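Any value given below was found using the heavy atoms of this structure, including those in side chains, with hydrogens, waters and symmetry copies removed. The first residue in the sequence is number 1, and the count goes up from there. Here the structure is a predicted model, which means the values were calculated and not measured.
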Amino acid sequence: MDASAQACRRRVVPPSPRPSASSQVPPISNYFTAPSLASSPRSRLFPPTTPHRAGISPPPLSRVVAVADDPEVPPGSLAMPPVTRRAPRTGRRPSIALGIARPNARVTAAGRALLVAVLASAAVACLAAPAAVASWGAACVNGFPKRALCRFVDDLAATPLVTVDGATGSAVTIGAFQKRIFHRDLPASKVYVYGVDEQSASYPGPMIVATRHTPTTVRWENHLSDQQHMLGVDYSLPHVASPAKGGIPMSPHLHGAETPSDSDGHPHAWFTQHGDSGSAFASSTSTYPNSQPPALLWFHDHAMGLTRLNVAAGLAGLYLIKDPGGVEQPMAGWLPSGEFDVPLVLADRKFRRDGRVVYSGMRMGMGGGGLSMKMEYLGNVNVVNGKVWPFLSVKPRLYRLRLLGAANARVYRLHFQCAAHSDYPHLLPPLHGPKLSMLQIASDGGYLAAPVRRSSVLLAPGERADVLLDLSALPSPACRHILLLNTAPAPFPSGAGGMGGMMGGPMGRVARGAGKVVGRVGRAVGRLVRRKKALGVRKAVMVVMLLTVAQEAAVAAPAVPAVLQALPAIDLSEVSQVRYLTISGMMGGMGGGMGGMGGRGRGMGELWGRREGVGSNLSAAAHQVWSSFRGRMGMGMGGGGMGGMMRFSIDGKGFMDAATEVGAVGAAEVWHIVNTGTHAHPIHIHLVQHRPLSRRPFNSAAFLKGTCALSGSSKRSCYTGNAEAVGPWESGWKDTTLALPGQVLRLFVKFTAQDGSAFPFDATAGAGYVWHCHMLEHEENDMMRPLLLTA
C-alpha cells in the first residue's frame, strides 16, 4: 500500500462508557494515528498506536478523503460517504450500472441523439477511470496516492487579536499579503490574507477589537505583488476593476458598520500596490466611528468585479466592538470569555493537488457570451478559521461561539451532535448520538431581546450568530466527541444545480418546442448524476469540525438572563416610503431552448452546477472527457436561442444604472424584497442595520406574467398565503437577511444610527453606499444597486 494512503488511516477510539472524573481524554493526536509517519519530523503529531488500541480496525480506505489529481478535490468532504464497495480484484474491471429514467413524453430524434451522446460520454469516463467511479476507496489509493486530506488533524487556529487603544483609538495598519496555509497535508500555496505584517498575516485576518464611541483609524496597505490575480479575472463582467499598471485591486469593506462613505469600501474605491485606483477612491486610510452597540462585524474586500475572487483567495477578517473596559453590559459576570469565547469563521474551498485554491469558472461559450465566472462558488471541503476540518479540544463548561458565514455562496444549517459508540472509528454522518441544543444570544447587529433555544442555526453568507453551547451537562457521559455538521443543500434551498435552478420554475414552463426536449434530457441526465450508487454523489450533510471534550470535572453553566436588552419598538406610522424591489436572475437573450433546459428547476444545471457529483469524482483522464463533453454541450445549446450571459438584476437594473434607492437621512422605509427565482438571496444593506418583519409566499409565475399584483392594483393579489413574522432569532438588528425563493421579505429600514440618533458623520457626502445580494457571484454579476442619502 502506498505510504501516503497508509498515512491517512485514522483510528478514532470511542470513550470509555464509564469515564472517571479524574481521568483525562488522550490528546487528539492519539486518536488519529499515522504509523508510516512515525519516523518523520511530524511523528510528534501522530505517536505510534498504543497496545490498547492495536486491535481496533482502521477505517476502510473508502472513508479516506483524497485530493484530486486536477483540478479539484473530490467531494469526500461531503459528509455522507458513497456506498462502500469491495475493491475490485487485481486485473478485473469492476462493473457499474448506469441507469437513466425514461422521460414521460416522446423524445424526438434530436433528443435521442443528445441522450446517446450523454450516455456515451459518461461511459467513456467510466472506462477511463473504472476504479475512480466504481470504488471511492480505490480512487483514493489508485488515482491520487500522493496527496490525501485527512480530517481532524489540524487544531482550530486561534484568531490573532489587534486591540485598539480604548482611549485614543490609535491607528492600526492592516496589510494584504501573500501567504500559504489551510491543511497540514497540503503543500504550501499562495493565498491573499490580511495582517499587521507579513509574518502574522493569516486567514481569517486578525480580529480588530475596538471600543464603542472611540473611533478607530485603520491604514490599509496593499502588498499584493502579483501582476495577475491568482484565481483569474473575468473581464466580461460589468465594470471590473482594471488597473493600468497591473496588480491586485483591493477595497476593504467593514461589513455591518456605520461609516462615512469614503471608509465604506465602495466597489469603485479600489487601489493597488502600484498606485492605480478606482473612480471612488479617496484614501487608503479608513475611520470607523464605532458608535453602534457591541457586535461582531467583519471586513472583507469589495473591489468591483473582484470581490468573489479576493474573498475566495482569503481577504477577510473580524472586527469586534466592545463596551468601554471590555465589558459588555448587562452581560457582565456570566458570559464566557477568554479561551471559552471562540470565533468560528466558516467557509468552503476546493483545492488542487499542489495546494492551490480552485476557482474554475464555466466557459460556456453560448451565443458568444463567454461567461467564465461561477454562478455560485461551492467548495467541497469546509474551512474553519483557515483550517480544513479542524478539531478543538474543549472543557465541560459553557462556551460562547461567534459564528460567521464567510463563504462566497454556501448557506449553512449547523447543528452539534454527539458521536455514539456505533459511529466509531469513522465519525461520518449519519451519526447516532443525541443532538445538542444551542442558545442564540446575538445576531448581526448585536444582542437579541431574549435568548432563543435552537436545535440548529441557519447561516447565510455575511450573517453572524452568537450561540452558547453548554458542555457541562452533556446528555451522556460517553458524549466526548461532538461534530459540527451542516445539513443545508447547495445551492440553497432546493439543491438544484446551477442553471437548472436559476432558469427553472416559471421561466422553464414558458419554454416550447425543442426546448422541451432539451429539458427532458437534461432532467434525465440530472437523475443519472444524482444516483449515489453509480457516481458517488454525497448527501447534503457536510462535516465541519470536531469538538473533543476533556474528561474532567464539569463547571456548571451560570444562569442566562431571560432578557438581554430592550429593542426599540418598530413604529410603522413613521414610514415615509414603501418600496417593492424584485430580485431575479436570467440569461440575456434567452430563447426556447434555454427555458426548456431549465424546466422544473432541475435540467442541465445538474451537470454544470453540481460539479461535486460528477466531474470531481473522475480521474484526470476522465475529467478531460467530461470537460470536453460539457464544453460541447455549451456550444450546442448556444444555437438553441440563448445569446448573452447570465445576468442577475434588481428591478431589471444593474449597478451602473441610475440610483433609484435614494433615501432621506432620518427617514424610515419599508422594503419588500420580491424573490422571483428558485435560489435564496442574502440581502445586505450597507451603512444601516435593519429589522426583518415578515415573509409571505406569492405566485411568482403570475407575478412575472403581470396577471396579478402585490399591492395597489385592481388586479388579483399575487399572495398565496398569510405573512409570517420572522423568528425571534431574526427579530433583532440585522445587516444581512435571507430572501427565500417565492416569498416577499419585508424589512424595516431607518436611515439613522442604530440607536435612533443622527449619524456622527455626513452620510450624504462622497460616492454613497450600495446594497446587494451577498452571494458574491450574484453581486458581481449585477445583483447590486447604489444607495444614496439626501439631507
Side-chain angles (χ1 to χ4, degrees), residues 362 371 374-378 408-411 413 458 460-461 488-511 515-516 518-520 522-523 525-527 529-530 540 581-588 590 592-613 642 645-652 672-683 695-705 708 710 718-721 737-745 773-779 781-783:
M362 302 188 314
L371 175 64
K374 284 180 173 289
M375 293 180 198
E376 290 164 0
Y377 175 65
L378 297 171
N408 278 36
R410 185 173 295 280
V411 176
R413 184 184 287 119
L458 190 68
F492 187 82
S494 66
M499 196 170 300
M502 292 309 305
M503 303 310 303
M507 294 183 187
R509 289 191 290 271
V510 175
K516 291 184 178 180
V518 181
R520 293 187 194 113
R523 289 191 296 273
V525 177
R527 285 189 286 271
V529 172
R530 293 193 299 272
L581 304 160
T582 303
I583 55 178
S584 60
M586 66 179 297
M587 187 70 66
M590 181 185 68
M594 191 60 221
M597 186 182 65
R600 300 184 188 178
R602 290 179 182 271
M604 294 302 296
E606 292 286 354
L607 294 182
W608 286 318
R610 297 196 63 138
R611 300 268 311 270
E612 299 102 334
M642 187 180 68
M645 59 184 292
M646 176 67 73
R647 182 181 184 234
F648 299 94
S649 67
I650 299 175
D651 276 350
H672 296 78
I673 308 298
V674 183
N675 188 348
T676 61
T678 59
H679 288 198
H681 298 282
I683 300 301
R695 292 183 176 91
R696 190 174 184 181
F698 74 105
N699 187 331
S700 59
F703 175 77
L704 291 173
K705 292 178 182 178
C708 65
L710 296 174
C718 290
Y719 291 113
T720 58
T737 303
L738 197 61
L740 298 176
Q743 296 190 18
V744 177
L745 171 65
C773 172
H774 214 280
M775 288 189 173
L776 302 184
E777 285 70 30
H778 299 183
E779 167 194 337
N781 211 1
D782 252 11
M783 194 173 276

Checking side chain to side chain contact (heavy atoms under 4.5 Å, CB included) for the pair Leu738/Gln743: CA distance, chi angles, key distance, verdict? CA-CA 11 Å; Leu738 197 61; Gln743 296 190 18; over 6 Å; no
Over all atoms of both residues, closest heavy-atom pair of [X] and [Y]:
X      : Y      : result
Glu779 : Cys773 : CB-O, 3.2 Å
Ala488 : Arg413 : CB-N, 3.5 Å
Ala460 : Pro682 : CB-CB, 3.9 Å
Ala739 : Ile683 : CB-CG1, 4.1 Å
Pro489 : Pro493 : CG-O, 3.1 Å
Cys708 : Phe703 : SG-N, 3.6 Å

May I ask you to test the His778-Leu776 pair for a side-chain heavy-atom distance under 4.5 Å?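 In short, these two side chains do not touch, never coming nearer than 4.5 Å.
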Side chain proximity check, Val411 to Pro461, heavy atoms < 4.5 angstrom: yes
Output the distance between atom [atom1] ([X]) and atom [atom2] ([Y]), rounded to the nearest 0.5 Å.
X      : Y      : atom1 : atom2 : answer
Met775 : Arg410 : CE    : CZ    : 10.0 Å
Leu581 : Ile673 : CG    : CD1   : 5.0 Å
Leu740 : Arg695 : CG    : CZ    : 5.0 Å

Under a 3.5 Å distance rule, please check whether [X] uses its side chain to pair with a backbone N or O of [Y] as donor and acceptor.
X      : Y      : answer
Asn675 : Gly742 : no
Asn408 : Tyr377 : no
Ser584 : Ile650 : no
Arg696 : Gly721 : yes

Give the intermediate values and the outcome of side chain to side chain contact (heavy atoms under 4.5 Å, CB included) for residues His679 and Met375. CA-CA 11 Å; His679 288 198; Met375 293 180 198; over 6 Å; no
Evaluate Thr676 against Phe698 for side chain to side chain contact (heavy atoms under 4.5 Å, CB included), listing each step before the verdict. CA-CA 9 Å; Thr676 61; Phe698 74 105; 4.2 Å; yes
